[in-house]
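For reference, the structure discussed in these notes is given below.
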Amino acid sequence: MYHQRLINPRSLNGWQGVMELIQSLGCIQYDPVNVVGRNPDLVLQSRIRDYQPAILNDLLYQDRLLWDGWDKQSSIHSINDWHYFKRYRDRMIEQYNHPDYPPMKVADLVREEIRKNGAADSLRIKHDTKIDWWWGRPVSIIRACLEVLYVMGELGIHHRNGTRRYFDLVERLVPADILNQPDPNPTLADYHDWHVLRRLGSLGFARVGAVEGWLGITGMKTPERTAALHRLVEKGDVLVVGVDELPGKEFFIRRIDWDDYQERLDAPIDNKKAALLPPLDNLLWDRTLLRWLFDFEYVWEVYKVQTKRKYGHYTMPVLYGDRFVGRLDARVDKKTNTLVIDNWWWENGVNLEADMRNALQECIHEFGRYLSTEFIRSENQSALEIL
């Protein structure tokens, strides 16, 4: 909780706070689903005071201090980490860069169009051919080519307009001194050690078997992950820790995070604040650990048919202090510019006391300001008790 900047939500400030958080966590996951904001904006609104999406947009596409790329799947990370991901891009080149691979048949056309006319999306470059693509959907061969050149590192995302991505040549987006740096990890083991240590920073506290939390590390399965963790322990960069309530289970934490936690133990904290977390928040990456440590069972139901959902397709966990107290299902009514709380579910054993009510009320109103809504409305009785 300390490391995730959630023991005192919304305590960071402005673009400097965003950069501080990214430096600490390594990356935050990107997802285009937008019900009450995209995942990265929702991660940031819970930690940055008076956050607005324009802050992240400027860091990504104006100042280019952050990179819209890959880490744990589609993620946002510092531009300074570009050269560390060379091994991933090389693997994509090995997988896709073949003249008989359909998207590569139009690669020269795409490169030349972007070189001459600047950043482009898949609609600007005309071609009639469609191919079966990821998730089994037919798409324009131009779109497939843009995505392939993107993961291979030839193109980067110049900007987004809603869910549409506009791609440009990477040499126009990444400063030359960063673009031309060599891979700092000469061996696969070196790379694994770097990425595992980095991912521990994203998680804060981790176990070997947290498959979801370790996604995106090139060439790594459980044996390689275990070996890297043990090397890092031997080097002194990582500590093995236990939890009294979970006997026999082994967890890992970066030494730097452990030392930071120890320094904060005696510092006064305000544990009477609340936060709304998105389904792909870093704190939620390991759902098993979430259940063990917080007694909180969470499933993102976006991929379930409505009849099989227990809650809602974009239900957000509600954090108060160091415990999960409820779940929120909300949306924005654009016609009336209103944040609408359709449902609120309390966790078992939660009693709504005055301090909690005040914290939740403040949190919801802050959430409305983040969304730039003018009003908040609900017909749900539990939500009305708070509002």
Side-chain angles (χ1 to χ4, degrees), residues 4-6 8-18 21-22 28-62 66 68 74 76 159-164 273-284 298 300-302 311-320 324-345 356-380 382-387:
Q4 294 286 349
R5 303 300 199 274
L6 287 170
N8 188 2
R10 300 179 299 282
S11 60
L12 299 173
N13 291 289
W15 71 267
Q16 298 95 334
V18 174
L21 184 69
I22 296 293
I28 54 178
Q29 193 167 345
Y30 182 88
D31 188 87
V33 175
N34 189 341
V35 178
V36 283
R38 304 164 305 171
N39 186 74
D41 291 316
L42 291 167
V43 169
L44 294 173
Q45 64 79 32
S46 67
R47 294 154 168 95
I48 310 295
R49 184 179 295 113
D50 299 325
Y51 174 77
Q52 288 294 309
I55 297 175
L56 179 60
N57 188 80
D58 287 350
L59 287 170
L60 283 167
Y61 310 123
Q62 297 296 324
L66 297 178
D68 189 341
S74 182
I76 292 167
H159 69 281
R160 291 179 185 255
N161 185 1
T163 60
R164 297 205 67 79
K273 287 192 174 182
L276 306 178
L277 303 185
L280 297 176
D281 193 278
N282 294 48
L283 185 64
L284 309 182
Y298 182 72
W300 189 23
E301 297 182 308
V302 69
Y311 300 104
H313 84 291
Y314 208 81
T315 299
M316 299 176 64
V318 181
L319 189 67
Y320 172 66
F324 288 93
V325 297
R327 303 161 199 253
L328 168 77
D329 192 26
R331 58 186 168 87
V332 174
D333 184 336
K334 295 182 178 180
K335 290 183 179 180
T336 61
N337 199 23
T338 300
L339 170 62
V340 181
I341 301 175
D342 288 321
N343 275 301
W344 183 287
W345 300 268
M356 185 189 298
R357 181 185 180 277
N358 292 338
L360 292 171
Q361 185 179 79
E362 177 192 23
C363 175
I364 292 170
H365 282 271
E366 289 284 346
F367 194 68
R369 282 191 283 274
Y370 142 72
L371 292 167
S372 298
T373 53
E374 296 183 60
F375 311 103
I376 300 174
R377 183 180 81 239
S378 183
E379 296 180 4
N380 178 277
S382 294
L384 289 173
E385 292 175 6
I386 298 167
L387 300 175

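Position 1 is the first residue of the sequence, and the numbers go up from there. Side chains are part of it too, since the values below use all heavy atoms of this structure and drop only hydrogens, waters and symmetry mates.
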Practice prompt. Taking all non-hydrogen atoms of both residues into account, name the closest pair between Gln361 and Ile386 and its distance.
Written response: NE2-O, 3.0 Å
Item to complete: Go through Arg10 and Asp50 one step at a time and tell me if the salt bridge (charged side-chain N to carboxylate O under 4.0 Å, His left out) criterion holds.
Response: CA-CA 8 Å; Arg10 300 179 299 282; Asp50 299 325; over 6 Å; no
Discussion item. Test side chain to side chain contact (heavy atoms under 4.5 Å, CB included) on Leu66 and Ile22; report intermediate values, then the result.
Written reply: CA-CA 9 Å; Leu66 297 178; Ile22 296 293; 4.0 Å; yes
Discussion item. If you count every heavy atom of other residues, nucleotides or ligands that lies below 6.0 Å from Glu379 atom CD, does the total exceed 12?
Written reply: no
Worksheet item: Is a salt bridge present between Asp342 and Arg377, judged by a nitrogen-to-oxygen distance below 4.0 Å?
Response: no
Fill in: Which residues share a ring-ring contact (aromatic ring centres under 6.0 Å, His included) with His313, sequence neighbours left out
none
Practice prompt. Give the minimum heavy-atom separation between Gly37 and Tyr370, together with the two atoms involved.
Written response: CA-OH, 3.3 Å
Item to complete: Identify the heavy atoms of Leu284 and Pro317 that sit nearest to each other, and give their distance.
Response: CD1-CG, 3.8 Å
Item to complete: Check step by step if side chain to side chain contact (heavy atoms under 4.5 Å, CB included) holds for Ile376 and Phe367.
Response: CA-CA 10 Å; Ile376 300 174; Phe367 194 68; over 6 Å; no
Fill in: Residue pair Tyr314, Val33: steps toward the side chain to side chain contact (heavy atoms under 4.5 Å, CB included) verdict
CA-CA 9 Å; Tyr314 208 81; Val33 175; 3.8 Å; yes
Discussion item. Any non-hydrogen side-chain atom of Asp329 less than 4.5 Å from a side-chain atom of Trp345?
Written reply: yes
Worksheet item: Would a 4.5 Å heavy-atom cut-off, applied to side chains only, mark Arg369 and Gln45 as touching?
Response: no
Item to complete: Report the distance from atom CG of Leu339 to atom NE2 of His365, rounding to the nearest 0.5 Å.
Response: 9.5 Å
Discussion item. If I compare all heavy atoms of Ala359 with all of Ala274, which pair ends up nearest, and what's the gap?
Written reply: O-CB, 3.8 Å
Discussion item. Is there a side-chain contact between Thr315 and Leu328 in this structure, where contact means two heavy atoms from C-beta onward sitting under 4.5 Å apart?
Written reply: no
Discussion item. Would you say Thr336 and Glu374 are linked by a side-chain donor-acceptor pair, where the criterion is simply a distance under 3.5 Å?
Written reply: no
Worksheet item: With side chains defined as the heavy atoms from C-beta onward, is the minimum distance between Leu44 and Ile28 less than 4.5 Å?
Response: yes
Discussion item. With rounding to the nearest 0.5 angstrom, report the CG to CG distance, Leu371 to Leu42.
Written reply: 7.5 Å
Discussion item. Just so I know, are the side chains of Glu362 and Asn358 near enough to count as touching, which here means a heavy-atom distance under 4.5 Å?
Written reply: no
Worksheet item: Going from CG on Leu280 to CG on Asp31, what distance comes out if it is rounded to the nearest 0.5 angstrom?
Response: 5.5 Å
Item to complete: Output the distance between atom OH (Tyr298) and atom CG (Asp281), rounded to the nearest 0.5 Å.
Response: 10.0 Å
Item to complete: Would you mind reporting whether Leu384 and Trp344 have side-chain heavy atoms less than 4.5 Å apart?
Response: no
Worksheet item: Just how far is it from atom CG of Asp68 to atom OG of Ser74, taken to the nearest 0.5 Å?
Response: 6.0 Å
Worksheet item: With a 4.5 Å heavy-atom cut-off, do Ser378 and Val340 have their side chains touching?
Response: no
Worksheet item: What's the shortest heavy-atom distance between Tyr311 and Glu301, and which atoms?
Response: N-OE1, 2.9 Å
Worksheet item: With distance as the sole test, does Asn39 use its side chain to make a donor-acceptor pair with the main-chain N or O of Gln29 at under 3.5 Å?
Response: yes
Worksheet item: Is the shortest heavy-atom distance from the side chain of Ser46 to the side chain of Leu276 under 4.5 Å?
Response: no
Discussion item. If you apply the rule side chain to side chain contact (heavy atoms under 4.5 Å, CB included), what do you find for Val36 with Met316, and how did you get there?
Written reply: CA-CA 10 Å; Val36 283; Met316 299 176 64; 3.8 Å; yes
Worksheet entry | Under 3.5 Å: donor-acceptor pair, side chain of Arg164, backbone of Arg160 | no
Item to complete: Heavy atoms only: give me the nearest Leu12-Arg5 pair and the separation to one decimal.
Response: CD1-CG, 4.1 Å
Response to the item:
Distance col, row Asn337:CG vs Ser372:OG, nearest 0.5 angstrom, shows 7.5 Å
Practice prompt. Could you tell me whether the side chains of Asp41 and Tyr51 share a donor-acceptor contact shorter than 3.5 Å?
Written response: yes
